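A note on names: the letters A, B, ... follow the listed sequences, proteins ahead of strands, and every chain is numbered from 1. In this text, all values refer to a predicted model and were calculated from it rather than measured experimentally.
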Number of protein chains: 2
Amino acid sequence: MQIQTPPSIPPIEARDRLVAAALDQFTRNGYAATSVRELCEAAGVSKPVLYYYFKSKEGLYLEIMNGIGQLFDQRVAELSSINGSVRQRLLHFFTGMFDGASDNLPVVKLAYMIYFGPPQGAPFVDFNRFFDQMLKIVDSLIVEGIELGEILQCDRKALVWTLVGSFQTIQEEQICRNEARIGHDGLVAVINLILNGVDPNASHVECTRSCKI
Amino acid sequence: MQIQTPPSIPPIEARDRLVAAALDQFTRNGYAATSVRELCEAAGVSKPVLYYYFKSKEGLYLEIMNGIGQLFDQRVAELSSINGSVRQRLLHFFTGMFDGASDNLPVVKLAYMIYFGPPQGAPFVDFNRFFDQMLKIVDSLIVEGIELGEILQCDRKALVWTLVGSFQTIQEEQICRNEARIGHDGLVAVINLILNGVDPNASHVECTRSCKI
DNA sequence: AAGTATACCTACCGATAGGTAGGTTGCTGC
DNA sequence: GCAGCAACCTACCTATCGGTAGGTATACTT
């Protein structure tokens with residue numbers, strides 16, 4: 001069988017090389033600005049091979065979208081099964097999502113590009129469900145925290161958006177900067193600062209304010 | 001002069017119609033997936049007219065990018081000239097940026113698309129300066145707040161990222177959802193929740209915690 | 001040995017891309 | 001009145017697009 005593998009490409013299957021090339025090229029250039037010719041050159045195959053495995057450019061794109069969805073679902077499942085205080089579970093959830101994203105930066109970068117960017121003629125993929133699911137999980141944990149007296153009665157919606165919003169922007173910093181100015185440790189500091197602000201046992205967390213009673 | 005203006009387009013100059021069409025089409029479809037033909041059809045002119053005014057597709061794109069930069073700079077200047085407490089100035093700054101963005105959603109949407117998306121063959125435009133400038137302004141205000149005793153000594157970097165991160169995600173919600181689940185009032189609630197958490201005079205803002213001294 | 005399936009190939013298709021050549025019309029200034 | 005300019009036009013250019021037709025080579029099954 002003729003295998004026209006350029007020496008620099010490891011001997012993986014043509015199909016996998018196409019997926020890898022597509023992830024890379026779609027992240028770098030976007031859907032519309034990435035040609036089938038470029039994808040096949042990067043994968044070291046001819047164009048009919050792409051059509052043989054994926055039926056179309058769009059088919060290859062959807063293959064990658066399905067992969068992203070599965071990655072996210074798997075990660076969320078992994079992070080929903082620890083015990084501890086609500087604060088511990090919130091920290092575990094956020095840092096787990098953050099580290100998972102940092103280990104898959106190209107995939108996450110593509111997901112953000114699609115979330116914020118225009119379709120570019122690509123088939124529609126609704127990434128809102130990722131964000132929505134995060135809001136839901138964090139809200140559940142906050143409800144539990146309030147019920148257990150770990151979190152002050154406060155504007156729950158504001159607290160959810162503060163936590164998820166901070167997380168989101170720190171994650172975005174990893175994607176949009178070559179050298180991120182804040183990372184895992186900064187995320188932990190942010191989550192702690194927020195939760196310290198709504199902690200009923202404030203003296204427990206180094207309250208420096210002089211309380212007026 | 002032959003003006004082939006479709007009846008639905010108000011009689012504004014061809015150049016302005018091209019800019020408006022380009023903003024709309026680049027936001028909807030992205031740079032690469034928007035053809036010169038589509039732009040000219042939307043503007044009601046023939047292709048040479050675009051080349052007459054902007055020299056190229058790229059030239060039209062850069063015209064819009066310059067406009068975005070100027071809008072942002074003007075807005076920041078407007079919001080930097082009020083008096084009041086640090087909290088009042090922070091609220092004014094964030095709500096002013098938010099309302100300014102809400103009044104120019106297509107422009108902000110395009111800016112986000114470019115910030116998160118790939119170049120798509122478009123000339124590079126560095127939108128980091130917008131985000132960087134926000135970080136800087138908020139950090140200055142927090143430094144002042146700590147000096148004035150309005151804000152507790154705390155992890156300043158964490159506080160900056162919490163405030164700007166929450167703002168950013170709430171603004172992103174306006175862009176990515178047809179019906180945003182949080183808006184101006186939610187933003188105010190979030191900023192207040194964060195600042196309440198680092199307020200030295202906690203009882204002043206309805207502290208419900210029982211302090212242990 | 002022959003037929004079938006898989007995994008690839010080259011050559012080519014019609015359509016559209018970004019862009020230009022060469023032109024027309026109306027207005028303005030001299 | 002005419003030259004020059006601004007603001008537009010049609011017709012056309014080359015290059016590349018997404019995709020297919022028709023094929024080859026190898027391995028496997030009968």
Side-chain angles (χ1 to χ4, degrees), chain A residues 1-7 9-26 28-65 118-124, chain B residues 1-7 9-26 28-65 118-124:
Chain A
M1 179 184 292
Q2 291 168 335
I3 298 180
Q4 295 165 339
T5 312
I9 292 180
I12 59 175
E13 300 298 304
R15 187 181 199 283
D16 294 339
R17 296 204 308 272
L18 275 165
V19 169
L23 170 60
D24 180 58
Q25 296 279 337
F26 286 149
R28 288 177 192 278
N29 303 323
Y31 182 81
T34 298
S35 63
V36 171
R37 176 186 59 77
E38 285 172 312
L39 291 175
C40 294
E41 276 181 12
V45 299
S46 58
K47 283 207 280 179
V49 179
L50 187 149
Y51 293 95
Y52 173 74
Y53 284 111
F54 300 103
K55 199 174 185 309
S56 64
K57 180 183 180 184
E58 173 175 323
L60 174 52
Y61 176 83
L62 288 175
E63 175 89 7
I64 293 172
M65 294 308 106
Q120 301 180 40
F124 175 74
Chain B
M1 179 184 293
Q2 291 169 335
I3 302 178
Q4 294 167 338
T5 313
I9 292 182
I12 60 175
E13 300 297 305
R15 187 182 201 281
D16 294 337
R17 296 204 309 273
L18 274 166
V19 169
L23 171 58
D24 180 58
Q25 296 280 336
F26 286 150
R28 287 177 192 277
N29 304 322
Y31 182 80
T34 298
S35 63
V36 171
R37 178 185 57 77
E38 284 171 314
L39 291 174
C40 294
E41 276 182 12
V45 298
S46 58
K47 283 207 277 178
V49 178
L50 187 149
Y51 293 94
Y52 172 75
Y53 283 112
F54 300 104
K55 200 174 182 311
S56 64
K57 182 183 180 184
E58 173 175 323
L60 175 50
Y61 176 83
L62 289 176
E63 175 88 6
I64 293 172
M65 295 307 108
Q120 302 180 40
F124 177 74

Restricting both atoms to N or O, compile the protein contacts to nucleotides 19-23 of chain D shorter than 3.5 Å, with distance only.
from: D:dG19; atom 1: OP2; to: A:Tyr51; atom 2: OH; distance (Å): 3.4
from: D:dG19; atom 1: OP2; to: A:Lys57; atom 2: N; distance (Å): 3.1
from: D:dG19; atom 1: N7; to: A:Lys47; atom 2: NZ; distance (Å): 3.1
from: D:dG19; atom 1: O6; to: A:Lys47; atom 2: NZ; distance (Å): 3.1

Between atom [atom1] of [X] and atom [atom2] of [Y], what is the distance when rounded to the nearest 0.5 Å?
{"X": "B:Leu18", "Y": "B:Phe54", "atom1": "CG", "atom2": "CZ", "answer": "5.5 Å"}
{"X": "B:Lys55", "Y": "B:Glu63", "atom1": "NZ", "atom2": "CD", "answer": "14.5 Å"}
{"X": "A:Ile64", "Y": "A:Leu23", "atom1": "CD1", "atom2": "CG", "answer": "5.5 Å"}
{"X": "B:Tyr51", "Y": "B:Cys40", "atom1": "OH", "atom2": "SG", "answer": "7.5 Å"}
{"X": "A:Leu60", "Y": "A:Ser56", "atom1": "CG", "atom2": "OG", "answer": "8.5 Å"}
{"X": "B:Met65", "Y": "B:Glu58", "atom1": "CE", "atom2": "CD", "answer": "11.5 Å"}

[X] has an atom [atom1]; how far is it from atom [atom2] of [N], in whole Å?
{"X": "B:Leu18", "N": "C:dG19", "atom1": "CG", "atom2": "C1'", "answer": "15 Å"}
{"X": "A:Tyr52", "N": "C:dC9", "atom1": "OH", "atom2": "C1'", "answer": "13 Å"}
{"X": "B:Phe54", "N": "D:dA6", "atom1": "CZ", "atom2": "P", "answer": "16 Å"}
{"X": "B:Glu13", "N": "D:dA6", "atom1": "CD", "atom2": "P", "answer": "15 Å"}

>> Run the side-chain contact (heavy atoms from CB on, under 4.5 Å) test against A:Asp16 and tell me which residues pass, sequence neighbours left out.
In response: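 So A:Asp16 forms a side-chain contact (heavy atoms from CB on, under 4.5 Å) with A:Ile12, A:Glu13.
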When you compare the protein's N or O atoms with those of nucleotides 14-16 of chain C, which come within less than 3.5 Å of each other, and at what distance?
none

> Under 6.0 Å from the CZ atom of A:Arg15, do we count more than 12 heavy atoms belonging to anything else shown?
Replying inline: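 Yes, CZ of A:Arg15 has more than 12 neighbouring heavy atoms, counting only those of other groups under 6.0 Å.
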>> Does D:dC8 have OP1 or OP2 under 4.0 Å away from a side-chain N or O of B:Tyr53?
In response: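 Yes, B:Tyr53 has a side-chain N/O under 4.0 Å of OP1/OP2 on D:dC8.
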